A.B. asks: 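Questions regarding the structure given below will be posed in turn.
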2 protein chains.
Amino acid sequence: MEGQPHPYAPTDLKLPGYVPNFLTQFTIVSVYGLSSLIWILSGRSRKLAKIDRLLMCWWAFTGLTHVILEGYFVFSPEFYKDKTAHYLAEVCDSRYAARDAATVTVEGVTVVFEGRASLLAVCAIASGKSYSYILQFSVSLGQLYGTAVYFLTAYLEGDHFAASSYHCYVYYIGANASWVVIPSLIAIRCWNKIFSAVQVQGQKKTKSH
Amino acid sequence: MEGQPHPYAPTDLKLPGYVPNFLTQFTIVSVYGLSSLIWILSGRSRKLAKIDRLLMCWWAFTGLTHVILEGYFVFSPEFYKDKTAHYLAEVCDSRYAARDAATVTVEGVTVVFEGRASLLAVCAIASGKSYSYILQFSVSLGQLYGTAVYFLTAYLEGDHFAASSYHCYVYYIGANASWVVIPSLIAIRCWNKIFSAVQVQGQKKTKSH
């Protein structure tokens, strides 16, 4: 089994017991299409603005990704040996299979904190909680930090993790780009919302003096 | 020079050109005692509460640490060769000298973002800016994430970075503990401040309907 070819880079990495898997990207996409149900269900509420409904979809999607996909990786160290073609094994970065310390750390923090906090954000937006903005801001900042550590360590280690194929390169950069653009937009929005709430309170205090 | 003994763990790590340094911890402490000047200067303002003055001292201290100490590490890869006894070379973690990817990444993010944002926080508190809480919250969260990555990667790599001496162990755990406890307290305080500001604004909106 030692010499079994695998899709990870570097190709000379030994993964004893590796079993190839056959799950298509279609399955990955359709599993998370489930989060679009949130859109339909939230449409019933008249209180929720379109932007809030969109945000709920995002938090459901990212929360499920963190908890299921990344949780499976962190807590199943031998996932690449899984004989039941599991979508996780489609990940192209060899650092996942090699259990690189920085990758495991970032994924661990993401699963334990950001995964659950994302799902909490869905409920917080739906019920209009006052901590909704600061919660969304926290999770977005954590996602940005995690993505930065993920790519910077890859760069510093000279690890061309997506060198195995063009498909992997496009898929990996593309998939991770979402966790740069969307959290940035959400963080800016929350910053502005919080800024104006604190500003209004400050003006009120000045008046009352 | 190859066999020159050095204080870093593991002791068999080769650091060609390493020059021992003689700077005492006293110097490290007194350099950052400068931030206590902020306490004296801020005492002149009647507008600033004691808690705000304390926070300004912390942000000046942590900001200078990030920018000077950590900045020197990130942008001077061969710092351990420095013949002018520089306090940075007193750092006990071999991962600094070995330029471990996770350590360089965390320090890089800390210097570029958190260092400057900490110094901005001093000014934001002094001038009572509305973004003061959200800024302090962001930096604290970044510090907590960085410390988590720093210790978790050390643990996962089985790198007993402080194994060289008891002094290093106490110094390193002790010094890093400040960046767990203080950012946690600040983050909780800011969360509460922001929560109540948003809550007040929410109640106002409900009334005006």
Side-chain angles (χ1 to χ4, degrees), chain A residues 47 74 77 95 99-110 112-114 128-135 137-159 187-188 190-206 209, chain B residues 47 74 77 95 99-110 112-114 128-135 137-159 187-188 190-206 209:
Chain A
K47 279 183 189 171
V74 173
R95 296 188 302 166
R99 304 206 66 73
D100 168 77
T103 310
V104 175
T105 299
V106 166
E107 294 297 338
V109 173
T110 304
V112 174
F113 295 103
E114 284 139 59
K129 295 281 188 224
S130 300
Y131 62 77
S132 164
Y133 295 129
I134 186 74
L135 177 69
F137 183 79
S138 310
V139 186
S140 298
L141 229 59
Q143 291 175 324
L144 288 171
Y145 202 117
T147 313
V149 171
Y150 180 78
F151 280 115
L152 284 172
T153 49
Y155 171 76
L156 287 168
E157 282 164 0
D159 178 11
I188 293 167
C190 292
W191 176 290
N192 290 334
K193 291 279 183 188
I194 288 165
F195 177 83
S196 53
V198 175
Q199 198 174 33
V200 167
Q201 204 188 34
Q203 287 166 344
K204 226 172 129 186
K205 267 185 194 164
T206 317
H209 274 297
Chain B
K47 277 183 191 170
V74 173
R95 297 187 302 165
R99 303 205 66 75
D100 168 76
T103 310
V104 175
T105 298
V106 166
E107 295 296 340
V109 173
T110 305
V112 175
F113 296 103
E114 284 139 59
K129 294 282 189 226
S130 300
Y131 62 77
S132 165
Y133 296 129
I134 187 74
L135 177 70
F137 183 79
S138 309
V139 186
S140 298
L141 227 60
Q143 290 174 325
L144 288 171
Y145 202 116
T147 313
V149 171
Y150 180 79
F151 280 115
L152 285 172
T153 49
Y155 172 76
L156 287 168
E157 283 164 359
D159 178 11
I188 293 166
C190 293
W191 176 289
N192 290 333
K193 292 278 182 188
I194 289 166
F195 176 83
S196 54
V198 174
Q199 198 174 33
V200 167
Q201 203 187 36
Q203 287 165 345
K204 225 171 130 187
K205 267 187 195 161
T206 318
H209 275 295

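All of these numbers come straight from a predicted model, not from anything done at the bench. Each chain gets a letter, A, B and so on, in the order its sequence line appears, and its residues count up from 1.
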A.B. asks: Sort out for me which of B:Ile134, B:Val198, B:Leu135, B:Leu152 touches chain A most, counting heavy-atom pairs under 4.5 Å.
C.D. replies: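 Of the options given, most contacts go to B:Ile134.
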A.B. asks: Looking only at heavy atoms, which two atoms of B:Val149 and A:Thr105 are closest? And how far apart?
C.D. replies: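 Taking every non-hydrogen atom into account, CA-CG2, 3.7 Å.
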A.B. asks: So what's closer than 4.5 Å to chain A heavy atoms on B:Ser132: side chain, backbone, both or neither?
C.D. replies: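 B:Ser132 has no heavy atom closer than 4.5 Å to chain A.
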A.B. asks: Look at the aromatic rings of B:Phe137 and A:Phe137 and report parallel, tilted or perpendicular, splitting at 30° and 60°.
C.D. replies: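 Geometry flag for A:Phe137 against B:Phe137: tilted rings.
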A.B. asks: For each of A:Ser138, A:Ala187, A:Gly202, tally heavy-atom pairs with chain B at distances under 4.5 Å, and name the one with the top tally.
C.D. replies: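 Winner by heavy-atom pair count: A:Ser138.
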A.B. asks: Where is the tightest heavy-atom contact between B:Gln201 and A:Ala197, given as atom of each residue plus distance?
C.D. replies: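 Taking every non-hydrogen atom into account, OE1-CB, 3.5 Å.
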A.B. asks: I need the B:Lys193 NZ to A:Ile194 CD1 distance, nearest 0.5 Å.
C.D. replies: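 It comes to 15.0 Å.
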A.B. asks: Go through the atoms of B:Tyr133 and report whether side chain, backbone, both or neither lie under 4.5 Å from a heavy atom of chain A.
C.D. replies: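 Only the side chain of B:Tyr133 comes within 4.5 Å of chain A.
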A.B. asks: Measure across B:Tyr131 and A:Trp191 and return the closest heavy-atom pair with its distance rounded to 0.1 Å.
C.D. replies: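 Shortest heavy-atom separation between B:Tyr131 and A:Trp191 comes out as CB-CZ2, 3.7 Å.
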A.B. asks: With a 3.5 Å cut-off and sequence neighbours excluded, list the donor-acceptor pairs that the side chains of residues 141-148 of chain B form with protein atoms.
C.D. replies:
from: B:Gln143; atom 1: NE2; to: B:Thr62; atom 2: OG1; distance (Å): 3.0
from: B:Gln143; atom 1: NE2; to: B:His66; atom 2: NE2; distance (Å): 3.0
from: B:Thr147; atom 1: OG1; to: B:Gln143; atom 2: O; distance (Å): 2.7

A.B. asks: Need one label for B:Val109: side chain, backbone, both or neither, based on atoms under 4.5 Å from any heavy atom in chain A.
C.D. replies: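 Just its side chain gets close to chain A.
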